[in-house]
*Asks:* 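The structure's right below; bear with me while I get my questions together.
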Protein chains: 2
Amino acid sequence: MRISELSRRSGVSVATIKYYIREGLLPTGRPTAATQAEYDDQHLRRLRLIRALIGVRGLSVNATRDVLEALSQEQADTHRILGLALGASRLAEETAQEHRQLAEVDTLIEEMGWRVHSNASARTALADTLATLDDLGVPLDWGALLRYAKLAEQTAGVDLDQLEGAEDLLEAAERAVLLTTLLEPALLALRKLAQEHESARRHNI
Amino acid sequence: MRISELSRRSGVSVATIKYYIREGLLPTGRPTAATQAEYDDQHLRRLRLIRALIGVRGLSVNATRDVLEALSQEQADTHRILGLALGASRLAEETAQEHRQLAEVDTLIEEMGWRVHSNASARTALADTLATLDDLGVPLDWGALLRYAKLAEQTAGVDLDQLEGAEDLLEAAERAVLLTTLLEPALLALRKLAQEHESARRHNI
DNA sequence: CAAGATTGGAGAGTTCCACTATCCAGCATA
DNA sequence: TATGCTGGATAGTGGAACTCTCCAATCTTG
């Protein structure tokens with residue numbers, strides 16, 4: 001198919017497809033002439049993934065490219081993908097406060113018995129939030145943190161179960177990305193609904 | 001204190017403070033003369049909260065204003081805050097697909113016995129993601145959804161426990177906002193760490 | 001009490017991002 | 001052969017989040 005058909009089938013404008021190609025989110029088509037190229041179902045599939053990551057998950061184009069690069073580099077290795085596909089995280093200036101929080105995060109990881117090698121951004125993101133809560137005078141106590149961690153562990157268990165049924169490796173890798181990245185807002189939405197219910201229950205409304 | 005001291009103590013530039021005042025995130029100081037106003041610790045506190053919501057949580061200025069308005073309007077009612085303080089969510093076009101997913105979400109809410117009245121944005125956010133996953137050929141099955149929901153319920157339990165110790169109502173309301181909004185990236189970070197561990201465990205690495 | 005810095009308020013300017021539009025020569029189709 | 005589509009490049013758009021500049025009034029310092 002040519003670009004206009006790709007556009008029609010994906011619902012993404014030709015101009016935007018060109019933009020994604022320029023930005024390295026989407027590979028170019030197979031050129032058939034100087035001003036002609038051929039696109040296939042892989043392109044369509046990739047384009048849908050891009051739109052999901054940008055539109056539903058709210059990732060930036062840059063963050064999306066990072067995720068996609070991890071996807072293509074590590075297609076054979078689902079485990080690595082899970083470690084890599086975490087997307088955008090803020091760059092944190094290293095204050096003394098942050099260092100202390102980072103140490104607390106590492107203690108938590110040890111306490112949970114988690115074997116975590118890379119994932120520096122998740123560690124700093126966590127330390128970041130803990131530091132901010134401290135600054136705001138609403139520190140999160142160790143017990144709560146531990147309970148959250150245990151629930152996260154169970155959640156990850158459900159996540160990994162979802163990967164079992166995957167047929168080919170490409171699909172497994174893609175599914176891993178979707179579960180780490182795309183499911184985030186859904187889980188947060190679930191938590192909000194549960195909060196409202198739990199609040200109503202405790203206040204006897 | 002005057003604006004420059006507020007700036008120095010908060011680490012936010014004077015220009016930005018003025019911008020937040022213009023945008024309605026921060027109330028004006030108490031005017032003492034035509035070109036002078038007095039700020040207090042409440043302003044400083046509010047400013048730190050704003051920076052946390054924008055910087056750490058990544059909320060937009062508009063979304064932050066919504067959260068802050070909910071905070072000031074419903075200070076006395078923690079439950080309402082929890083329902084309101086969910087911040088930015090994408091506007092979804094109502095396709096037939098979406099309707100089906102929304103029905104599934106409602107079935108889930110019923111199955112869980114959740115009493116949820118408002119929170120339309122959490123419902124659509126959830127339906128959105130389910131629809132997208134379906135479109136991408138990686139549907140989330142009912143069992144997994146139910147397991148996620150149960151974990152969300154337990155997470156909400158921990159959340160609500162955190163509110164117990166609050167002394168005054170203002171603090172309770174603020175804490176509710178921080179827990180619904182600011183803790184999100186932390187929980188997602190925990191999930192990522194847990195995923196990496198769980199993946200390593202299952203693959204015997 | 002004069003000089004210099006600071007202030008509140010408002011408008012304009014800046015930077016970044018995610019597109020979107022325009023242009024062009026080459027190609028496909030009728 | 002004319003009409004429209006194509007890849008590639010460049011420029012333009014609109015929104016968001018600041019940031020700068022200006023002003024007269026006011027405060028502070030010497």
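Scope of the values below: all heavy atoms of this structure, side chains included, with no hydrogens, waters or symmetry mates. Numbers restart at 1 for each chain; the letters A, B, ... are given by sequence-line order, proteins then strands.
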*Asks:* Is A:Glu5 paired with A:Arg9 through a side-chain N to carboxylate O contact shorter than 4.0 Å?
*Replies:* yes
*Asks:* Counting only side-chain nitrogens and oxygens, does B:Tyr20 get under 4.0 Å of the OP1 or OP2 atom of D:dC18?
*Replies:*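 Yes.
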*Asks:* From the set D:dT26, D:dG7, D:dC18, return the single nucleotide nearest to any side-chain atom of A:Ala37.
*Replies:*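 Closest nucleotide among those given: D:dG7.
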*Asks:* Using heavy atoms to find the nearest nucleotide of DNA chain D for B:Val61 and B:Arg2 separately, return the residue whose nucleotide is more 5′.
*Replies:*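 Going by which nucleotide is closer to the 5' end, it is B:Val61.
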*Asks:* Round to a whole Å and report the spacing from CD of B:Gln36 to C1' of D:dC23.
*Replies:* 14 Å
*Asks:* I'd like to know if A:Arg30 and A:Asp40 make a salt bridge, using a cut-off of under 4.0 Å between side-chain N and carboxylate O.
*Replies:* no
*Asks:* Could you state the atom-to-atom distance from NZ of B:Lys18 to P of D:dC22 in whole Å?
*Replies:* 13 Å
*Asks:* How many whole angstroms separate atom CE of B:Met1 from atom P of C:dT6?
*Replies:*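 Rounded to whole Å, this separation is 18 Å.
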*Asks:* Considering just the side-chain nitrogens and oxygens of A:Arg51, establish if one lies under 4.0 Å of OP1 or OP2 belonging to C:dC19.
*Replies:* yes
*Asks:* Find the distance B:Asn62:CG to D:dG14:C1' and express it as a whole number of Å.
*Replies:*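 One finds 15 Å between C1' of D:dG14 and CG of B:Asn62, rounded.
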*Asks:* Between A:Arg202 and A:Glu198, does any side-chain N to carboxylate O distance fall below 4.0 Å?
*Replies:*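 A salt bridge is present here (some side-chain N lies under 4.0 Å from a carboxylate O).
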*Asks:* Would you kindly give the CG-to-P distance between A:Leu53 and C:dA18, to the nearest whole Å?
*Replies:*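 It works out to 13 Å between those atoms.
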*Asks:* Nearest whole angstrom, please: distance from the P of C:dT20 to the CD of A:Glu23.
*Replies:*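 The answer, rounded to whole Å, is 14 Å.
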*Asks:* Give the nucleotide from the list C:dG11, D:dT6, C:dA18 with an atom nearest to the side chain of B:Arg22.
*Replies:*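 From the listed options, C:dG11 comes nearest.
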*Asks:* Give B:Arg8 one of three labels, base, sugar-phosphate or nothing, depending on what nucleic acid heavy atoms sit under 4.0 Å from its own.
*Replies:* nothing
*Asks:* Consider the side chain of B:Ile3, meaning its heavy atoms from C-beta on, and name the nucleotide among D:dC18, C:dG8, D:dT26 that approaches it most closely.
*Replies:* C:dG8
*Asks:* Whole angstrom is fine here: how far is it from OH in A:Tyr39 over to P in D:dC5?
*Replies:*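 Between P of D:dC5 and OH of A:Tyr39: 16 Å.
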*Asks:* So which nucleotide from C:dG26, D:dA16, D:dT19 ends up closest to the side chain of B:Ser13?
*Replies:* D:dT19
*Asks:* Can you tell whether the side chains of B:Asp159 and A:Arg191 come within less than 4.0 Å, N to carboxylate O?
*Replies:*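 Yes, B:Asp159 and A:Arg191 are salt-bridged.
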*Asks:* Are the charged groups of A:Asp161 and B:Arg147 less than 4.0 angstrom apart, N to O?
*Replies:* yes
*Asks:* Quick one: is A:Ser4 getting a side-chain N or O under 4.0 Å of the D:dT6 phosphate, OP1 or OP2?
*Replies:*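 A:Ser4 to D:dT6 OP1/OP2: side-chain N or O found under 4.0 Å.
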*Asks:* Heavy atoms only: give me the nearest A:Tyr39-A:Thr28 pair and the separation to one decimal.
*Replies:*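 Nearest heavy atoms, A:Tyr39 then A:Thr28: CE2-C, 4.3 Å.
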*Asks:* Measuring from the side chain of A:Ile54 (C-beta onward, heavy atoms only), which nucleotide among C:dT7, C:dC19, D:dG7 has the closest atom?
*Replies:*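 Taking heavy atoms from C-beta onward, the closest nucleotide is C:dC19.
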*Asks:* Using a cut-off of strictly less than 4.0 Å, decide whether B:Thr16 has a side-chain nitrogen or oxygen near OP1 or OP2 of D:dT19.
*Replies:* yes
*Asks:* A:Ala15 side chain: which of C:dA21, D:dC27, D:dA25 is closest?
*Replies:*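 Nucleotide nearest to A:Ala15's side chain: C:dA21.
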*Asks:* Counting side-chain heavy atoms from C-beta on, which of C:dA18, C:dC19, D:dC18 comes nearest to B:Tyr19?
*Replies:*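 Looking only at heavy atoms from C-beta outward on B:Tyr19, the closest nucleotide is D:dC18.
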*Asks:* Can you check the B:Ile17 CD1 to D:dT19 P distance for me, whole Å?
*Replies:* 12 Å
